[in-house]
Amino acid sequence: MSPSILPVDPFDYVVFGGTGDLSLRKLLPALYQRDRDGQLPSAGRIIAVSRTPLTSSDFRAMVGDALRRHVPANEIDPAVWQRFSARIEHASLDATGAAGWPDLAGLLAEGADRVRVFYLATSPELFGPICKRLQEAGLVSERSRVVLEKPIGRDLASARRINDEVGGVFAERQIFRIDHYLGKETVQNLLALRFANSLFEPLWRSGSIDHVQITVAETIGIENRGSYYDRSGALRDMVQNHLLQLLCLVAMEPPLSLDRESVRDEKLKTLRALVPVGIEEVGQKTVRGQYRAGAIAAGPVRGYLDETEISADSTTETFVAIKAELHNWRWAGVPFYLRTGKRLPEKVSEIVIQFRPVPHCIFPADAGEIVPNRLVVRLQPDEHIRLHLMTKDPGPGGLRLRPAALNLSFAETFKHRFPDAYERLLMDVVRGNPTLFMRRDEVEAAWGWTERILDAWALRGDRPKPYTAGTWGPSGAIAMIERDGRTWHDEPGALE
Ligand code: BG6
């Protein structure tokens with residue numbers, strides 16, 4: 001079956017930060033792909049807004065360049081490019097000053113009855129001021145939506161302030177807080193795995209599951225985002241949003257339906273069940289690391305402190321491991337080990353559900369060790385779901401046990417292209433479907449839990465532990481899980 005294309009209403013997509021990295025690397029390629037698949041209506045415009053004085057044709061040339069870099073060559077179709085580039089405009093304006101707004105208003109007046117999306121791919125301090133200007137310029141209509149890129153603030157107070165400011169202009173149903181992990185095919189597949197199959201649900205609880213691991217490892221460093229990253233760190237950049245969202249999808253109760261509130265209600269309950277990690281536990285339950293010079297597959301790389309725009313005595317963490325726990329009926333006593341970092345040996349995101357060992361062994365000792373079952377959901381790359389089971393080693397010579405895996409590889413099973421996360425999410429905004437976006441209360445609950453850890457680290461005042469680029473983080477992360485008699489599902493080849 002090929003993926004079906006749901007048409008969307010005519011729209012104007014206004015991207016603030018339109019010449020920035022996210023816009024050129026992700027948003028415009030995603031919109032191009034939707035155009036290539038025939039999803040965009042003929043009345044669909046993309047208006048990139050930035051401070052740079054650029055004509056629309058200069059900007060179209062920039063987009064052409066960006067597509068050549070970020071879209072596979074065999075997916076660039078000259079006819080689609082011609083149609084797509086005709087949709088693109090650029091408007092120069094000062095987001096915090098008065099200049100340029102009348103021009104933007106003039107452009108938008110041409111499509112007054114269209115869905116109007118304001119995508120704020122800017123720093124979060126500008127979210128409130130831009131919304132205020134949009135309102136003053138009379139650009140917010142009933143059919144308008146605003147998309148907020150993460151991070152929404154840097155702690156609970158700033159997140160609340162931003163939510164208040166944006167909420168003063170847009171109703172909650174018009175606000176789309178994006179977490180691109182929720183747009184990834186395999187992340188949505190978690191919903192299918194759990195709720196379109198009856199097999200796992202009776203086992204999906206503390207009686208059967210020993211623990212869960214969530215790893216999001218990256219080989220890249222901080223690229224050219226030093227000034228943002230140094231104020232942020234792995235906990236704010238990755239855990240507060242992406243890893244906690246993954247945890248929610250694994251741990252939440254079955255929602256009543258996929259409607260806009262049911263899924264988010266269940267995620268919120270999960271976030272509220274997270275046990276706070278305060279100053280007494282933070283040394284045992286968290287590990288922070290910072291990479292030093294080392295080597296990844298591509299070659300030698302410098303250390304974090306030598307990256308551009310990083311202060312020489314920075315204590316920002318580029319790696320974090322956390323033992324998270326949920327105080328609720330289903331998950332009491334089941335740790336969720338979370339781990340993410342830059343400059344690790346490979347780019348891999350996966351969720352490991354580790355089942356409990358068999359209660360009693362009927363096999364003789366020389367039959368081999370019984371390895372407990374493990375369900376591995378690989379989100380990227382090489383997307384798959386793998387269930388590790390014990391089997392009998394074939395052939396004569398007595399009964400020998402051997403682990404083997406049932407493997408559902410998405411690339412092999414479904415031959416069509418895997419769309420980028422943004423493709424789905426950008427179209428959901430036009431359709432007005434916020435199910436895969438974060439609600440205000442969710443973002444604030446996630447900050448509440450994260451902020452306790454940040455505060456505890458600040459009170460302890462210790463520096464992140466160094467780790468060599470190209471390794472799996474500081475040894476403390478291994479010690480943390482080994483203290484509980486468990487190990488990380490590290491080398492993805494290990495059990496396969
Ligand atoms: C972003 C973070 O949200 O996610 C980046 O700000 C990180 O630091 C990126 O590199 C990872 O996303 P993906 O889709 O490549 O796993």
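For the single chain, residues carry numbers from 1 onward in sequence order. We count ligands from 1, going down the list as the structure has it; atoms in each ligand are counted the same way. Nothing here was measured: the structure is a model prediction, and the numbers come from that model.
Using modelled atom types, one finds no donor on one side chain facing an acceptor on the other under 3.5 Å when comparing Q33 with D420.
Judged by distance alone, the side chain of E317 and the main-chain N or O of R288 form no donor-acceptor pair under 3.5 Å. Checking side-chain atoms of R424 against main-chain N and O of G183 turns up no donor-acceptor pair under 3.5 Å.
Using a 4.0 Å cut-off between charged side-chain N and carboxylate O, D21 and K26 make no salt bridge. Ion pairing between R45 and D12 holds under the 4.0 Å rule for side-chain N and carboxylate O.
Within 4.0 Å of ligand 1, heavy atoms belong to protein residues K150, H180, Y181, K184, E218, I220, R225, D237, M238, H242, K342, K347, Q380.
Under the 30°/60° scheme for interplanar angles, the aromatic rings of F414 and F410 are found to lie parallel.
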